[in-house]
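Naming convention: chains lettered A, B, ... in sequence-line order (proteins, then strands); numbering from 1 in each chain. These numbers were taken from a predicted model, which means no experiment stands behind them.
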Amino acid sequence: MNIFKIPVLTNSKIAENTFLMKCHSPELAADMKPGQFCNIKVSESDYPLLRRPFSICDAEGNNIYFMFDVHGEGTRLLSRKKQGDLIDLIAPLGNGFGIDDDYDTAVLIAGGIGAAPFPYLTRILKGSKKIVTYIGGRSSELVLKYGLENFSTATDDGSEGFQGNVVQLFESKFEMLKSSDIKVFACGPNPMLRAVKNFCSERGINCEVSVECAMACGFGICQGCPIEKSEVDGSYLLVCKDGPVFNINDIVI
Amino acid sequence: MNIFKIPVLTNSKIAENTFLMKCHSPELAADMKPGQFCNIKVSESDYPLLRRPFSICDAEGNNIYFMFDVHGEGTRLLSRKKQGDLIDLIAPLGNGFGIDDDYDTAVLIAGGIGAAPFPYLTRILKGSKKIVTYIGGRSSELVLKYGLENFSTATDDGSEGFQGNVVQLFESKFEMLKSSDIKVFACGPNPMLRAVKNFCSERGINCEVSVECAMACGFGICQGCPIEKSEVDGSYLLVCKDGPVFNINDIVI
Amino acid sequence: MSTDLSIEIGSLKLKNPVMLASGTVGYGNEISTFMDLSRIGAIVTKSVSLKPRKGNPPQRIVETPSGMLNAIGLANVGVEEFVKSKIPFLEKVHSTVICNIAASSVEEYVECARILDYEEVIKGFEINVSCPNVKEGGLIFGNDINAVGRITEKVRAVTDKPVIIKLSPNTSNISEFAKTAKEGGADAVSAINTLVGTSFDIYTRKPKIKNVTGGLSGPAIKPVALAKVLEISRCVDIPIIGIGGIMNWKDAVEFMICGAMAVQLGTVNFINPTAAIEIIEGINNYCKEMSVSSVKEIVASYHIQ
Amino acid sequence: MSTDLSIEIGSLKLKNPVMLASGTVGYGNEISTFMDLSRIGAIVTKSVSLKPRKGNPPQRIVETPSGMLNAIGLANVGVEEFVKSKIPFLEKVHSTVICNIAASSVEEYVECARILDYEEVIKGFEINVSCPNVKEGGLIFGNDINAVGRITEKVRAVTDKPVIIKLSPNTSNISEFAKTAKEGGADAVSAINTLVGTSFDIYTRKPKIKNVTGGLSGPAIKPVALAKVLEISRCVDIPIIGIGGIMNWKDAVEFMICGAMAVQLGTVNFINPTAAIEIIEGINNYCKEMSVSSVKEIVASYHIQ
Ligand SMILES: Cc1cc2nc3c(=O)[nH]c(=O)nc-3n(C[C@H](O)[C@H](O)[C@H](O)COP(=O)(O)OP(=O)(O)OC[C@H]3O[C@@H](n4cnc5c(N)ncnc54)[C@H](O)[C@@H]3O)c2cc1C
Ligand SMILES: Cc1cc2nc3c(=O)[nH]c(=O)nc-3n(C[C@H](O)[C@H](O)[C@H](O)COP(=O)(O)OP(=O)(O)OC[C@H]3O[C@@H](n4cnc5c(N)ncnc54)[C@H](O)[C@@H]3O)c2cc1C
Ligand SMILES: Cc1cc2nc3c(=O)[nH]c(=O)nc-3n(C[C@H](O)[C@H](O)[C@H](O)COP(=O)(O)O)c2cc1C
Ligand SMILES: Cc1cc2nc3c(=O)[nH]c(=O)nc-3n(C[C@H](O)[C@H](O)[C@H](O)COP(=O)(O)O)c2cc1C
Ligand code: FES
Ligand code: FES
């Protein structure tokens, strides 16, 4: 964990509201694990005040990638970054996905910009595990396929693939997967994660989710990012330090 | 007076710390007078909060020019504007120089970025009046000659022209000018304007100064920009509405 | 377009809840070149005092992070000249005019209200008990609950027009002040005036504002203002006019949700002199989107579990 | 390099005036990966209470213009576990450790201080009488001058270590509180804690922070904090620790000019965890530039005519 200033190589629009930013950092490309994140200072001034957390989307050679949706002021500023601009970030943060357990097939479930951490996860798992990916979005233009493999898609409006949400798609395909040999990795909005959790915990499926929440520091000093533990013991977990990836059995979403 | 959104045509560095920005606005190019100013919103967000006032530097055809020093956050942001960016400004503001009185020779005295309003004044006076210009700066690189004519220069460090300040230069040349036929126009830091005022008022020289001060609105609603009147009558003048150009006899600097 | 944007503050009916705050639009003159003032809910005049005030010497303002400090010092022409030279313009504005009064004694407030009560164009009074930039009065009144009670009662006694008490945020219990205002007969309270702040030049070591301290306004104070409005809303049954850092319609709606029957725009007028119109439109669209037929339905509609 | 940056607060000697504020660096653990804590003037621990506190449920923080609201709710492990598990780390930090205590009764403050007084690594106490996010205690104490007096006296009685009272800004007369702290035997006061604020989602109409209100920190509050420090400095002869919105060395110097003997960095640690080092260097350079041989010369060096 350190502060880095790394140059932007490219920053391009890859979907209606989504950018892919490639930055040069041999050190972070080597050090970061899928599911970890960076806390990025989006401007040179003191405004906006807080850093913005983004998952590492991919790492290849000396470069790392971020995939982000333009949401408010911070991501708007980030979308303006150009080749050569320096990005000030704190990284690596968080725990990352647990990838080495005993399973044959990794099932990746992505809702909207929840796809962001999966290209890197795909790259790392490729070769050692079979990968099945389900990608959901509100409509065809919002389905983010960048860097993903062996995927099926779901859209709320039926404009592409399965009509419905991505968890329903996963459920509809579930019989084709052997539940004992799979591990589910999910990232997306909380209602989606809740549905994944319900489905998987009922069936005892090994499942990790990457959680988002408001953060100030991103490295454990502000206590701003608590998440309720499943086991009630008078304390919270911190999303930034104990997460952002949690086993669904450990937390209440 | 209105709100305009006008495109930047060029924005280039013309001196160590100084930019010249050219914008397209047939309406403002036609309407604005030398000595008037615009109040510019330097960012798209609410930060920095206040607009920043800048004199009209020149107007030519359908275009207007601003000349500005990079001073703090606001001018730093302004210096980043590129071709095609829209500038949000309120204009025309203020009174402008009185150019039609009875005099033969206009003596322009500029200290540092105080040169900003003079290219336009020069353009307007050219033909009808003789122009003599004195430009001062701390050192050679900070003497702003853009758009000025028939000038002598002064630098604090003697790296160019007269060694000393620009008012001393003016005083040293004064005997060559016939005091009855001149009108002095001065713009620069307050200590400089004070020196000009002292020199001119002792000799009864017709003299106008363009004054800077902190402003919130720029058009008379905040009362944030008072300046002391020479005549004590229980009220102040407002720099943004009653100025920024004042006859030296009317104000206390 | 069928949303009813009108609201009432005591006997005062406004066509919409967006008002222009005292001291930030003068008497409406300059800002009327940017927008049609007849579309605004109401305009509150710059504070008027019995005698003319020159105001504080420069520098009067300074920018701070997402805010500004001002110490104008209630510069105004005094009530006599106000009646003579400003009322005629206000009569032509075709907007609802609220006259803000500042004073340094209870008697002065009463005297101003008595004189101005005759002016038909003035539809109500806002009593500034909270200007932080005037040494002899301002702050002391604003933080003295008995004084606020006395001022309210005495002004109430000399006018039948709506009386609004503008509260100081520089206190830990603003709802007590609101309660006192209500008991004194006020029709509404405005919250908030500016917070006391300062800023120094580290090289000269002098205050950037000649008056040393000034009043902090702008987006920086919005969270504080919202908390004050919410506190009053939860404790006292009196119409609240929400003020503090409103830059756009979302901010205005946030104030209304927290309990404000109307809002006032201050600092934003300096930056975007057409903000009021945009905010009225934004509130209207929001009401439609939320399917409420009257803007009053969003007032104090907070959900707190 | 010959500037003397050391300062004293009562019997407490600090190598420089830059401290890390309570609740913004935990117990120094994580931030020590970014900087050498032995270079910092002092580190103030997250508030410790007698019993463990789970803290408030999420959402606990939200960004506001140039600021943030937090309602952490004094989440902490309680004094017993603090002694067991945190003190050992603090012993290795090689920095001056000030322990911040929060409580909901006078007795609880005293009990905490009594227990912690035995810990050698703790060089002083900062008494948080002003946390706005804890319902039963916090705000009430912070705005009750008699309570502040009682707490100060009782804590003073059980420890010989320096006692610092951290004051609430949510009051109109902070210097009275400082005076009371001084009379109660405090060695210094810290000013300020956060301002009460809130923020609502206009679509759900729920508070963005589960606790409804939170504490506003960051650059937005700097002008208010400076005015509070200046007020205390002009009225009471007691060392002041200035806090509120410091982002860089210039801000720190501004606080010192306004009367602060030392400063604390809060929110900035979240954004720039090496800020403290940069600020120490900046102050050192400023002293050289101003040709002062001791940083103490800039404390309260304001010129007010
Ligand atoms: C661990 C983690 C990883 C993330 N990875 C990605 C990613 O790879 N790609 C991506 O597009 N987004 C990601 N997000 C969400 C991203 O941080 C927000 O979209 C972003 O902060 C919004 O900032 P803004 O200024 O544009 O929006 P605004 O709404 O203006 O932000 C206001 C404040 O709210 C916070 N905020 C707003 N939305 C979120 C959110 N969803 N999660 C957390 N804080 C939020 C901001 O950080 C800021 O403090 C991640 C969030 C977390 C916690
Ligand atoms: C009528 C008028 C005309 C001007 N014309 C020009 C011009 O043509 N070219 C040019 O370079 N500058 C001009 N200035 C000065 C220019 O407005 C400031 O340099 C600019 O506002 C600095 O903003 P900043 O954010 O970079 O600096 P910061 O110091 O960060 O600004 C902080 C605050 O102080 C105010 N401020 C700082 N310096 C000045 C100043 N000198 N005068 C007024 N306010 C100030 C800013 O507006 C802002 O509100 C003019 C000022 C006035 C009043
Ligand atoms: C420059 C300026 C002058 C003000 N003058 C007055 C005044 O004369 N009387 C008054 O009651 N409030 C005055 N105010 C306070 C505003 O009416 C308003 O309460 C405050 O600015 C907060 O709102 P804002 O954040 O939207 O500006 C003034 C504010 C500013 C910025
Ligand atoms: C997330 C957070 C947690 C805080 N926790 C505490 C605390 O436990 N005890 C305390 O006395 N102050 C606490 N504070 C207040 C800070 O110590 C400081 O007084 C305040 O944030 C203002 O300084 P700043 O603007 O530099 O952040 C906390 C502040 C923040 C932002
Ligand atoms: S974001 Fe600060 S502790 Fe997690
Ligand atoms: S700047 Fe607002 S009145 Fe002059």
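Contacts of D:Glu289 with chain C are made by side-chain atoms alone, with heavy-atom separations under 4.5 Å and no backbone atom involved. In this structure, chain D has heavy atoms under 4.5 Å from both the backbone and the side chain of C:Leu226. For C:Thr64, the part sitting under 4.5 Å from any heavy atom of chain D is the side chain, from C-beta outward, and nothing else.
The structure places CZ of D:Phe200 at 14.0 Å from CG of C:Asp251, a figure rounded to the nearest 0.5 Å. Rounded to the nearest 0.5 Å, atoms OG (D:Ser172) and CG (C:Asp144) are 10.0 Å apart.
The environment of C:Lys206 atom NZ is sparse: at most 12 non-hydrogen atoms of other residues, nucleotides or ligands sit within 6.0 angstrom. For C:Lys210, the NZ atom sits in a loose shell: 12 or fewer heavy atoms of surrounding residues, nucleotides or ligands are nearer than 6.0 Å. Around NZ of C:Lys250, the count of heavy atoms belonging to other residues, nucleotides or ligands within 6.0 Å does not exceed 12.
Contacts from residues 253-265 of chain D to chain C, taken as heavy-atom pairs separated by less than 4.5 Å, involve D:Val253, D:Glu254, D:Ile257, D:Cys258 in sequence order.
D:Arg234 is listed as a side-chain neighbour of C:Val212, based on a closest heavy-atom distance under 4.5 Å. Within the 4.5 Å cutoff, no side-chain heavy atoms of D:Thr198 are placed close to those of C:Tyr302.
Considering every non-hydrogen atom in both D:Ala220 and C:Leu216, the closest pair reads O-CD2, 3.8 Å. Nearest heavy atom pair, residue D:Glu297 against residue C:Arg205, reads O-NH1, 4.2 Å.
Between D:Val224 and the options C:Leu195, C:Leu69, C:Asn170, a side-chain contact (heavy atoms from CB on, under 4.5 Å) holds for only C:Leu195.
One N or O on the side chain of C:Tyr286 and one on the backbone of D:Ile202 form a donor-acceptor pair closer than 3.5 Å.
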